**Q** 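There's a structure below that I have some questions on.
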2 protein chains.
Amino acid sequence: MTNNPADSTSESLPDSPGATGQPADRRSTLHDVAARVGVSPRTVSRVVNNEEGFSEATRERVLEAIEELEYRPNLVARGLVTQQTRTLGLVVTDLSDPFFAELANGAQRAAITNRYNVFLCATDNEADQQANVLDSLRSHGIDGTIVFPATDTDDGLRRVAADVPIVCVDHEVDHPRITTVSSDLVAGARMAVEHLVDRGHTKLGMVASKFSPSDRRRREVGFLAAHRKLFPGTPEPMIVRTEPTLEGGRSATAELLDRDPSITGIFAYNDITAIGAILAATDRGLTVPGDLAVVGFDDVPLAAVFGPPLTTIRIDRERLGQVAIEMVLAMMGGSRTGRPSPQILPVELVVRAST
Amino acid sequence: MTNNPADSTSESLPDSPGATGQPADRRSTLHDVAARVGVSPRTVSRVVNNEEGFSEATRERVLEAIEELEYRPNLVARGLVTQQTRTLGLVVTDLSDPFFAELANGAQRAAITNRYNVFLCATDNEADQQANVLDSLRSHGIDGTIVFPATDTDDGLRRVAADVPIVCVDHEVDHPRITTVSSDLVAGARMAVEHLVDRGHTKLGMVASKFSPSDRRRREVGFLAAHRKLFPGTPEPMIVRTEPTLEGGRSATAELLDRDPSITGIFAYNDITAIGAILAATDRGLTVPGDLAVVGFDDVPLAAVFGPPLTTIRIDRERLGQVAIEMVLAMMGGSRTGRPSPQILPVELVVRAST
DNA sequence: CTGAAAGCGCTTACAG
DNA sequence: CTGAAAGCGCTTACAG
């Protein structure tokens, strides 16, 4: 037959692997398995994919060879022809925000359940980097992706949606292959305002994110609407936009209190900025909640143990991730299913010691 | 020539895209670009890859067509033949630990600098899930990967190392294609002990991680060694192993204090467990640092703002990620470079109010 | 029950 | 300066 270098050294027993017990240093392929069994690659492909049409004996010999050679199908080569890789993308702006970490956990868990894998990428909220990772993901033949979009990147999203279906988190983009899952941020903001007012506060201020373009300011919309309803005819409360980080929350709150020292209630963009707000209060000798009450958003794990434990609007991030996966899977079902309509998940007020 | 359905509707001007301005709904390929320009795919490939051998005129026409068709090379198809995809993996146990989030940030940043992308995956510290994601990553033709290994998975790592070079974080595996970058955990533990003793504490306890197998208990080794040196001949201090989470730290500390109420100094596995330790103290009416001093590990962002702000051993996670990327890149340089030797990065004591 | 051919989107030698 | 052929690892019709 062909001259196989291994033949000269190995015993005649065909089942015996090399002396080292190690397969070749090159990863073994369908072809290698076929050659070892003495069958065509097509047959190996059939048993690997659980198709019909091979004898039980063949099946066993193939399985044995696969074991011995540690053969693993190359999903990407397969994807090149099937046009699917059972891999999903998840792109977020900032890994160090615990919100995204738990979203990712939920998404990954749901993906595994459906026998999909997910690759996570971060954009630092930069359009270029988002374009870069989306392109990379697409290039790897992912079947769909979930994205929490960087600011002002709708066009970029539409472009990749031509190739792969997208589920956006907390943001709508008008495109047949893009849908949205979001939390009810407007309702959450309303709950926060009502709670502060229940506690007797009448002068409120809000720390918002400067990364939110005008069509993504749902918390602000809810905040103003609730305020308008409860205090009709009064001037609108103050809103300061900042980076959604601890230091951002701290400085924005300082600015709010500088501009209007009569403010006694703060609604913050998220828990991290809320903690910043509390620090700003402490900075100027105010007590929380005595002098300043603070409501956060998200209910990240540390919110409960911070001093004082944070009153916040809880988002079920695990569920958010799970629903996002289910929606992207539905979109991949082909156009017959149509685009799933946007979903809005409920949020919940959690009262602790900061109000 | 060939019958192109587009020809019947489009104007004769070859440069004009369809009426919608949209390219076909199928992603365009090298072949499409070639057809549009009227040149062979080989030529397009040449200009895409900046090779030699085409006229300036050809180059411009190809570039134009690429623009119009929004052509993007399929990196995976390319990878199938070049055996490299300019993509790296990063697999960690737990996304919601801020330690890994910042490690990932550092790694991603360093990767981008080198024109690589990174795909992040989580294992939940489960061997099966780690095998799954590594296989998926490998299947996507990644060029190398960084992994913070799940417990007891050395064999699995060796298996994938046959195909792709691995840099482990804080763990050594004996294999020619696996190397290690770690923090000086032993030195960090020593600093913690010396600092507690400086503060007048003589009865110490440690909260350790139950996920660390015996060869990965560097903090414990450092803790015991430092204690032995400072208190020769005395009994060894108590160590309780637990899940490295907030609740884990809380219950482990409660156990330590139950078993030996004379303990006044706690060295914790990381900042999260340290915060748990502080909570455990508060639970039983002890003050920190008055009744119980606590030293954490990592210096995550919230350590500085927790009440009381945490004394901790700082790990430069961004740098850790960066070095890991550089090492994996070096390993990919081919065997000529040989395996880079393990690196140990320094850590630093940060004194705050919990001691 | 099994295989030979063509092709997914690309690049690598080779030839002109 | 440019192209035709073969192949990366796989699957999809087709034929026996």
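The sequence lines fix the lettering, A, B, ..., with proteins before strands; numbering per chain opens at 1. What you see is a predicted model, and the numbers here were worked out from it, not measured in a lab.
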**Q** Taking side-chain contact (heavy atoms from CB on, under 4.5 Å) as the test, write out the residues that go with B:Pro176, two or more places apart.
**A** none
**Q** Name all pairs fulfilling the side chain to side chain donor-acceptor pair (under 3.5 Å) condition that reach into residues 123-132 of chain B, sequence neighbours left out, sorted by first residue then second.
**A** B:Asn125-B:Thr151, B:Gln129-B:Asn132, B:Gln130-B:Thr153
**Q** So, using side-chain hydrogen bond (donor to acceptor under 3.5 Å, both in side chains) as the criterion, who are the partners of B:Arg86 when residues are at least two apart?
**A**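 If we apply the side-chain hydrogen bond (donor to acceptor under 3.5 Å, both in side chains) test to B:Arg86, skipping adjacent residues, there are no hits.
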**Q** OP1 or OP2 of C:dT2 sitting under 4.0 Å from any side-chain N/O of A:Thr58?
**A** yes
**Q** Measure the CG-CG distance between B:Asp154 and B:Asp174 for me, rounded to the nearest 0.5 Å.
**A**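 Output value for this atom pair is 9.5 Å.
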**Q** Which residue pairs pass the ring pair (Phe, Tyr, Trp, His ring centres under 6.0 Å) test when at least one of the two sits in residues 133-153 of chain A, sequence neighbours left out?
**A** A:Phe100-A:Phe148, A:His140-B:Phe119, A:His140-B:His140
**Q** Treat primed atoms plus P, OP1 and OP2 as sugar-phosphate and everything else as base, then score nucleotides 8-16 of chain D 5' to 3': B for base contact with protein heavy atoms under 4.0 Å, S for sugar-phosphate contact only, - for none.
**A** BBBBBB---
**Q** If the cut-off is 4.0 Å, is A:Ser40 near the phosphate of C:dT2, judged by side-chain N/O to OP1 or OP2?
**A** no
**Q** Does A:Glu67 have any side-chain hydrogen bond (donor to acceptor under 3.5 Å, both in side chains) partners at least two apart in sequence or in another chain, and if so, which?
**A** none
**Q** Roughly, in whole Å, what's the span from CZ in A:Arg61 to C1' in C:dT2?
**A** 13 Å
**Q** Please state the P separation for the pair C:dG7 and D:dA4 - nearest whole angstrom.
**A** 16 Å
**Q** How would you list, by chain and number, every residue that makes a side-chain contact (heavy atoms from CB on, under 4.5 Å) with A:Ser139, sequence neighbours excluded?
**A** B:Arg27, B:Asn74, B:Leu75
**Q** According to side-chain contact (heavy atoms from CB on, under 4.5 Å), who are the partners of B:Arg159, at least two apart in sequence or on a separate chain?
**A** A:Glu70, B:Asp155
**Q** If we take the P atom in both D:dC1 and C:dA13, what is their distance in whole Å?
**A**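 D:dC1 and C:dA13 have their P atoms separated by 22 Å.
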**Q** For DNA chain C, report each stem as range with range, ordered by first number, or say none. Use Watson-Crick or G-U wobble pairs under 3.5 Å, at least 3 in a row.
**A** C:1-3 with D:14-16, C:5-12 with D:5-12, C:14-16 with D:1-3
